[in-house]
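Okay, so here's the structure we're looking at.
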Protein chains: 2
Amino acid sequence: MEAFSSRLQEAGLKSTKQRDLIVERFFELDKHINAEELLEDVRGHQPRIGYATVYRTLKLLVEQGFALPKDFGDGQTRYDPIHNQDPQHDHLICVDCRKIIEFNDEELARRLHTIAEGMQYSIRRKKLELYAECQIPRCPNKLG
Amino acid sequence: MEAFSSRLQEAGLKSTKQRDLIVERFFELDKHINAEELLEDVRGHQPRIGYATVYRTLKLLVEQGFALPKDFGDGQTRYDPIHNQDPQHDHLICVDCRKIIEFNDEELARRLHTIAEGMQYSIRRKKLELYAECQIPRCPNKLG
DNA sequence: CTATGTGCAAAGGATTTGCAGGTAT
DNA sequence: ATACCTGCAAATCCTTTGCACATAG
């Protein structure tokens, strides 16, 4: 993503082949990935890349507003790529199979805005996760 | 809380003075506390209590449904006591002073229910946090 | 009695940092 | 040239575990 490259330049930071690869793969994979998974993927292209570089690049992406750290309660931080076209979505996590579904709801957004306003606050960002069970009997996603 | 004591007995677990103290203080303090803060408080009463006991007791409280672990992104797990009278609330976190405000909204709850239903899911639990900025000019809570 | 709990210290897992080279600009 | 980056390993932070002793039921 060239938006990221130009942001780097503005900040006086450098473009390196490791960093570029990590960022490229991060956006191509386009899922709620964690550092370990990203490292593994990236090592398929450049085997000598280390943990530190992946963590440092992810932190950079977060600082520059290209990724959002997420904690789904499994002990590791996952990172959600921000494609600047899409509005910020929420998540529904299946309690049975751990599938993560993204959603967006205008009415919900309006309500949250109203709630915050009522308390004299303006929302900067939010975290909304619904942990839910599939209603379909004998759902194919169900584990165990 | 005696509800907790009886739950312990049912599970064949024991009541000890450390455990009782930790649980008592946890509910008295009644805030989004982390293990370290709770340990510190409890050591004011029994200086020899160790980290492990606090962590083990908190885990017990969570397992038995008396506390909810929360991650507000500051690297530590905080625990929210569940007073069985109150319905499960959400949080608004001030991005300036980190104050945590609890809230409840019926219309919001209905909307979330509708959203999940539309995707063929039933909500088991949710995590909703609004990170927001105070609208009051020169808010006294503002840091820095 | 004997299963469960405690305190300590050591282990664990995820993430960060220090350092001695590398390498973009 | 000279910041900035990298890889490695060591360090750090929060949390869990192993173990020998203590204690509740």
Side-chain angles (χ1 to χ4, degrees), chain A residues 2 4-26 32-64 67-79, chain B residues 2 4-26 32-64 67-79:
Chain A
E2 54 264 20
F4 180 69
S5 313
S6 38
R7 194 76 66 88
L8 279 188
Q9 277 187 292
E10 285 167 35
L13 302 174
K14 289 172 183 173
S15 160
T16 67
K17 56 180 179 310
Q18 292 92 330
R19 191 173 276 178
D20 294 348
L21 174 61
I22 293 168
V23 171
E24 183 191 325
R25 294 303 296 151
F26 177 66
H32 309 87
I33 205 169
N34 62 30
E36 193 177 3
E37 290 164 354
L38 185 52
L39 175 66
E40 214 169 297
D41 179 282
V42 153
R43 277 195 171 156
H45 301 71
Q46 290 188 208
R48 319 237 38 157
I49 289 184
Y51 268 95
T53 304
V54 170
Y55 276 109
R56 287 190 275 233
T57 305
L58 283 169
K59 176 182 269 188
L60 210 57
L61 283 162
V62 171
E63 286 166 359
Q64 302 297 326
L68 231 39
K70 293 277 169 188
D71 171 33
F72 293 124
D74 57 357
Q76 295 152 92
T77 305
R78 297 185 167 275
Y79 297 82
Chain B
E2 54 263 23
F4 181 70
S5 313
S6 38
R7 194 75 66 87
L8 279 188
Q9 278 186 292
E10 285 167 33
L13 303 174
K14 291 172 181 173
S15 161
T16 66
K17 56 179 179 309
Q18 293 91 330
R19 192 173 274 180
D20 294 348
L21 175 61
I22 293 168
V23 171
E24 182 190 326
R25 294 302 297 151
F26 177 65
H32 309 87
I33 206 169
N34 62 30
E36 194 178 1
E37 290 164 353
L38 185 53
L39 175 65
E40 216 169 297
D41 179 280
V42 155
R43 277 193 170 158
H45 302 69
Q46 290 189 211
R48 319 237 38 158
I49 289 185
Y51 267 96
T53 303
V54 170
Y55 275 109
R56 288 190 274 232
T57 305
L58 284 169
K59 176 182 268 185
L60 208 57
L61 283 162
V62 171
E63 285 166 2
Q64 302 296 328
L68 229 40
K70 293 277 168 186
D71 171 33
F72 293 124
D74 58 356
Q76 296 153 91
T77 305
R78 298 185 166 275
Y79 297 82

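In what follows, chains carry the letters A, B, and so on, assigned in the order in which the sequence lines appear, proteins first and then strands, with residues in each chain numbered from 1. Just so it is clear, the model here is predicted, and its values are computed rather than measured.
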Legend entry - Closest non-hydrogen atom pair, A:Asn34 against A:Thr77: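 Here A:Asn34 and A:Thr77 meet closest at CB-O, 3.4 Å.
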Legend entry - Those residues of residues 6-23 of chain B lying under 4.0 Å from DNA chain D by at least one heavy atom: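 Nucleic-acid contacts, sorted: B:Lys14, B:Ser15.
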Selection from [options] that lies nearest to any side-chain heavy atom of [X]:
X: A:Ala52; options: D:dT15, C:dT15, C:dT17; result: C:dT17
X: A:Arg56; options: C:dG7, D:dC14, C:dT17; result: C:dT17
X: A:Thr53; options: C:dG7, C:dT17, D:dT6; result: D:dT6
X: B:Gln76; options: D:dC14, D:dC8, D:dT16; result: D:dC14

Without decimals, in angstroms, what is the distance between [X] [atom1] and [N] [atom2]?
X: B:Ile49; N: D:dA22; atom1: CD1; atom2: P; result: 17 Å
X: A:Tyr51; N: D:dA10; atom1: OH; atom2: C1'; result: 16 Å
X: B:His45; N: C:dT6; atom1: NE2; atom2: P; result: 17 Å
X: A:Glu40; N: C:dA14; atom1: CD; atom2: C1'; result: 16 Å
X: A:Arg78; N: C:dA14; atom1: CZ; atom2: P; result: 11 Å
X: B:Arg43; N: C:dT6; atom1: CZ; atom2: P; result: 14 Å
X: B:Asp74; N: C:dA14; atom1: CG; atom2: C1'; result: 16 Å
X: A:Arg48; N: C:dG21; atom1: CZ; atom2: P; result: 16 Å

Legend entry - Phosphate contact (C:dT15 OP1 or OP2) by A:Thr77 side-chain N/O below 4.0 Å: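 The answer is yes; a side-chain N or O of A:Thr77 sits under 4.0 Å from OP1 or OP2.
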Inset, instruction - Please determine if a side-chain N or O atom of A:Tyr55 lies less than 4.0 Å away from the OP1 or OP2 oxygen of C:dT15. - result: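 For A:Tyr55, the contact criterion (side-chain N or O under 4.0 Å from OP1 or OP2 of C:dT15) is met.
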Inset, instruction - Report the distance from atom CZ of B:Arg25 to atom OG1 of B:Thr57, rounding to the nearest 0.5 Å. - result: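 Between B:Arg25 CZ and B:Thr57 OG1, I get 14.5 Å after rounding to 0.5 Å.
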Legend entry - From CD (B:Gln64) to CG (B:Leu61), nearest 0.5 Å: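 That separation rounds to 8.5 Å.
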Inset, instruction - Compare all side-chain heavy atoms of A:Thr53 with those of A:Thr16 and state whether any distance is below 4.5 angstrom. - result: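 No, too far: nothing below the 4.5 Å cut-off.
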Inset, instruction - Would you indicate whether the side-chain heavy atoms of B:Val54 and B:Leu58 approach each other to under 4.5 Å? - result: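 Yes. Closest side-chain heavy atoms under 4.5 Å.
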Inset, instruction - Inspect the surroundings of CD in B:Gln46 and state if more than 12 heavy atoms from other residues, nucleotides or ligands are less than 6.0 Å away. - result: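 It does: B:Gln46 CD has more than 12 such atoms within range.
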Inset, instruction - Answer yes or no: does atom CD of A:Glu63 have more than 12 heavy-atom neighbours from other residues, nucleotides or ligands under 6.0 Å? - result: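 Enclosed: over 12 neighbouring heavy atoms sit under 6.0 Å from CD of A:Glu63.
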